Amino acid sequence: MSGCHGVAQFLTWVVLICQAGCCLLDSIGAAGSFRGIPVSNKSNLDQGYCERKRKTNSLSMWSLSSESLIDMLPVDTIPENSIRKVRDCIFSVAYPTPFISRVLLVAVSKDVLEGILDLDVSVKQTDDFLQLVSGGKVVLGSIPLTHRYGGHQFGSWAGQLGDGRAHLIGVYTNRYGERWELQLKGSGKTPYSRNGDGRAVLRSSVREFLCSEAMHYLGIPTSRAASLVVSNDDVWRDQFYNGSVKKERGAVVLRVAKSWFRIGSLEILAHSGELDLQRTLLDFVIQEHFPSVDMNDSNRYLDFFSKVVLETANLIALWMSVGFAHGVCNTDNFSLLSITIDYGPFGFMESYDPNFVPNTSDDERRYKIGNQANVGMFNLNKLLQALKPVLDHRQKHLAFQILEGYSEHYYSRFTELFRAKLGLLGESEDDNYLIAFLLKLMEDTKADFTMAFRQLSEITQDQLKELRVPQEFWALQDLAKHKFFSEWVTIYLLRLGRNMGDSDSTRRKRMTAVNPRYVLRNWMAESAVQKAKMNDFSEVHLLQEVLQHPFQRQAAAEKAGYSLRPPSWAKDLKVSCSS
Ligand code: AMP
Ligand code: MG
């Protein structure tokens with residue numbers, strides 16, 4: 001047994017003791033040890049457990065545990081929270097650093113609290129909740145963990161990265177038996193903080209909170225955000241890397257996901273030759289998150305790889321279908337579960353432009369929207385490199401074939417999604433041409449991607465036939481200026497005519513259900529951030545509400561101008577990696 005396993009087992013033992021009834025919160029600081037944990041004889045399976053599975057507004061009736069992770073995966077033997085190179089483990093124990101100043105709750109996601117965490121939304125009024133979601137206290141019995149991972153950043157191997165400002169505060173098993181990992185982001189330094197301060201500022205936290213929830217409601221696999229708090233603690237940032245360092249406020253988002261493991265989680269183990277540990281992690285991930293892969297099959301790593309390839313292709317096609325550019329598609333930001341994670345300098349493309357780069361720090365335009373599918377391939381290739389030690393000669397060969405199939409998966413999913421965006425039923429061999437033709441018109445006319453598709457969903461076929469584009473359809477009006485617009489319309493109408501058993505109203509209904517009217521445009525997020533900086537969280541709340549129903553026209557959103565041409569002040573808006 002390695003030293004790491006020894007510690008893991010000790011931790012497990014501590015957790016097991018307190019599993020049964022300790023749902024109280026423990027202050028961080030002097031109590032940030034494993035001492036003082038009450039012992040109870042109550043079993044998780046008794047009546048109390050069932051009670052707890054109903055929605056509660058008291059955290060004393062609620063529990064978290066990191067047992068499912070530390071029981072199976074080794075933990076760092078060095079208990080200190082000091083910045084260093086870590087080996088032979090998956091996690092290091094590290095406690096969040098509480099803010100010194102008063103903390104304000106900016107927003108919560110009712111859906112995450114109630115639907116995932118079995119908490120009644122009124123829990124947000126309690127001090128325990130504020131303490132929990134700001135890193136002021138941890139749930140007794142749950143040992144906070146920080147994950148060791150590496151990654152390829154902008155094409156090059158970057159070595160050890162890890163959770164430099166995030167703490168996995170525990171796993172929650174909800175009433176459906178689902179396990180969700182709760183992670184604070186911006187909660188202080190960890191062994192993986194490198195040169196960072198372990199903090200996140202308000203602007204980036206507002207953006208992550210709003211966007212991860214918005215992506216969920218767009219139907220795109222993503223981490224979720226349960227809450228957002230802001231402090232008065234000073235955090236210094238050079239937002240545009242131009243030497244102008246400014247004081248900002250520290251904020252924390254409580255994020256939840258079924259798993260936070262990334263491609264970089266496996267890469268670091270391959271790079272450091274920790275191959276037994278790599279197998280342990282792989283088996284754990286497969287067992288927990290890939291139920292269709294047979295654990296007893298000698299091809300299980302190959303099956304796992306094939307699923308990640310398929311789901312990554314699916315995810316990137318989904319991003320493209322809503323014009324989402326992640327901004328930093330490094331392998332450490334690519335989830336093994338193929339969910340969208342680590343929201344930073346992301347952006348929704350406005351004028352259609354395959355060269356759209358949301359991140360102004362991305363000088364080489366590596367992560368431009370039109371390159372995301374290629375980058376997906378690059379990242380999967382890095383995953384394959386990391387898996388090589390666990391594959392035999394034949395399996396390696398097959399894995400390369402699987403990787404080669406990525407482009408085909410991507411294009412067929414992309415076509416399927418864009419077919420739906422155009423309201424096409426069935427398949428026709430000219431569909432790709434019709435889609436590409438439209439995108440070319442959009443590119444030439446700089447038409448707004450989101451609204452052009454939305455307005456095609458709202459316009460009638462009669463109006464299109466007569467090329468009568470009403471004034472309010474501003475994006476379509478831009479598109480209609482193209483000399484080949486009428487030609488495209490002719491082909492489109494012919495194709496719609498081949499939809500079996502369709503009517504124009506059902507086509508429009510179908511299309512409005514897949515073409516959002518509202519996405520989190522940069523200017524919308526920026527407007528909410530500017531107000532939030534002055535403790536006016538009204539626009540954060542408005543956007544949260546609106547983006548929960550992105551496909552439905554909403555009076556408040558219309559009033560706020562969310563479906564109009566972006567305001568002129570937004571033209572110069574920039575987002576950088578600084579967060
Ligand atoms: P990102 O590209 O934001 O996902 O972060 C890349 C790496 O930098 C991760 O290992 C982060 O944990 C780390 N990192 C980013 N910002 C900070 C910070 N302020 N303090 C410590 N680590 C950070
Ligand atoms: Mg990251």
Side-chain angles (χ1 to χ4, degrees), residues 81-86 90-92 94 96-97 99 135 144-168 181 183-205 207-209 211-212 222-223 225 231 233-239 241 245-253 255 257 259-268 271 325-337 339-347 357-362 366-367 375 379 382 575-579:
N81 189 12
S82 56
I83 295 166
R84 60 202 148 80
K85 187 143 173 56
V86 178
I90 303 297
F91 295 110
S92 297
T97 307
F99 287 116
L145 302 169
T146 55
H147 174 42
R148 170 187 175 226
Y149 59 81
H152 277 84
Q153 296 193 315
F154 293 88
S156 308
W157 174 242
Q160 177 179 302
L161 298 168
D163 290 333
R165 52 171 168 173
H167 294 84
L168 200 169
E181 297 180 4
Q183 194 187 70
L184 299 178
K185 179 170 174 181
S187 39
K189 281 192 188 173
T190 77
Y192 308 97
S193 294
R194 298 179 296 148
N195 298 320
D197 57 7
R199 292 299 184 194
V201 293
L202 181 60
R203 60 184 155 78
S204 61
S205 306
R207 284 167 51 87
E208 171 145 13
F209 177 82
C211 195
S212 55
T222 177
S223 60
S231 72
D233 282 26
D234 297 344
V235 176
W236 297 89
R237 288 286 183 274
D238 182 355
Q239 190 178 349
Y241 304 108
V245 180
K246 294 216 173 85
K247 192 166 80 180
E248 301 193 44
R249 285 196 288 166
V252 169
V253 174
R255 331 190 279 184
S259 164
W260 290 99
F261 289 125
R262 303 127 197 276
I263 292 181
S265 306
L266 292 167
E267 277 184 294
I268 197 163
H271 273 259
H326 180 284
V328 194
C329 298
N330 294 333
T331 55
D332 50 301
N333 290 337
F334 259 48
S335 149
L336 289 178
L337 270 53
I339 59 173
T340 316
I341 55 167
D342 284 14
Y343 290 82
F346 64 83
V357 183
N359 174 10
T360 51
S361 320
D362 183 0
R366 178 180 173 87
Y367 297 136
V375 164
N379 290 350
K382 293 299 171 198
V575 200
S576 75
C577 262
S578 155
S579 59

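Predicted model, so just to flag it, every value in this text is computed and none were measured. Atoms within a ligand are numbered from 1 in the order they appear, just like the ligands themselves. In what follows, every heavy atom counts, from backbone to side chain, and hydrogens, waters and symmetry copies are set aside.
- Taking a 4.0 Å cut-off on heavy atoms, Gly344 fails to register as neighbouring ligand 1.
- Within ligand 1, the atoms closer than 4.0 Å to a non-hydrogen atom of Tyr149 are 9 (C), 10 (O), numbered from 1 in the order shown.
- Scanning the protein heavy atoms around atom 7 (C) of ligand 1, the nearest turns out to be Arg194 NH2, 3.1 Å.
- Closest heavy-atom approach to atom 1 (P) of ligand 1 within the set Asn359, Thr190, Val328, Asn333: this belongs to Asn333.
- When distances to the Mg ion (ligand 2) are checked against a cut-off of 2.8 Å, Asp332 contributes no N, O or S atom below that limit.
- Checking Arg165, Arg262, Gln160 against atom 15 (C) of ligand 1, the nearest heavy atom belongs to Arg165.
- Near Arg237, with a cut-off below 4.0 Å to any heavy atom, the atoms of ligand 1 are 19 (N).
- Tyr367 pairs in a ring pair (Phe, Tyr, Trp, His ring centres under 6.0 Å) with only one of the listed residues (Phe334, Phe154, Phe346), which is Phe154.
- In summary, Asn330 places no N/O/S atom under 2.8 Å from the Mg ion (ligand 2), failing the contact criterion.
- The distance from ligand 1 to the heavy atoms of Gly198 drops below 4.0 Å at these ligand atoms: 18 (C), 19 (N), 20 (N), 21 (C).
- When distances from the Mg ion (ligand 2) to the N, O or S atoms of Asp342 are compared, OD2 comes out shortest.
- Each of the atoms 18 (C), 20 (N), 21 (C) of ligand 1 lies under 4.0 Å from some heavy atom of Gly196.
- By the criterion of a heavy-atom distance under 4.0 Å, neither the backbone nor the side chain of Lys189 is placed next to ligand 1.
- When each of Arg249, Glu248, Glu208 is paired with Arg203, the side chain to side chain contact (heavy atoms under 4.5 Å, CB included) condition holds for Glu248 and for no other.
- The contact set between ligand 1 and Arg199, taken as ligand atoms under 4.0 Å from a residue heavy atom, comprises 19 (N).
- Residue-level proximity to ligand 1 for Leu161 is carried by backbone and side chain together, each with a heavy atom below 4.0 angstrom.
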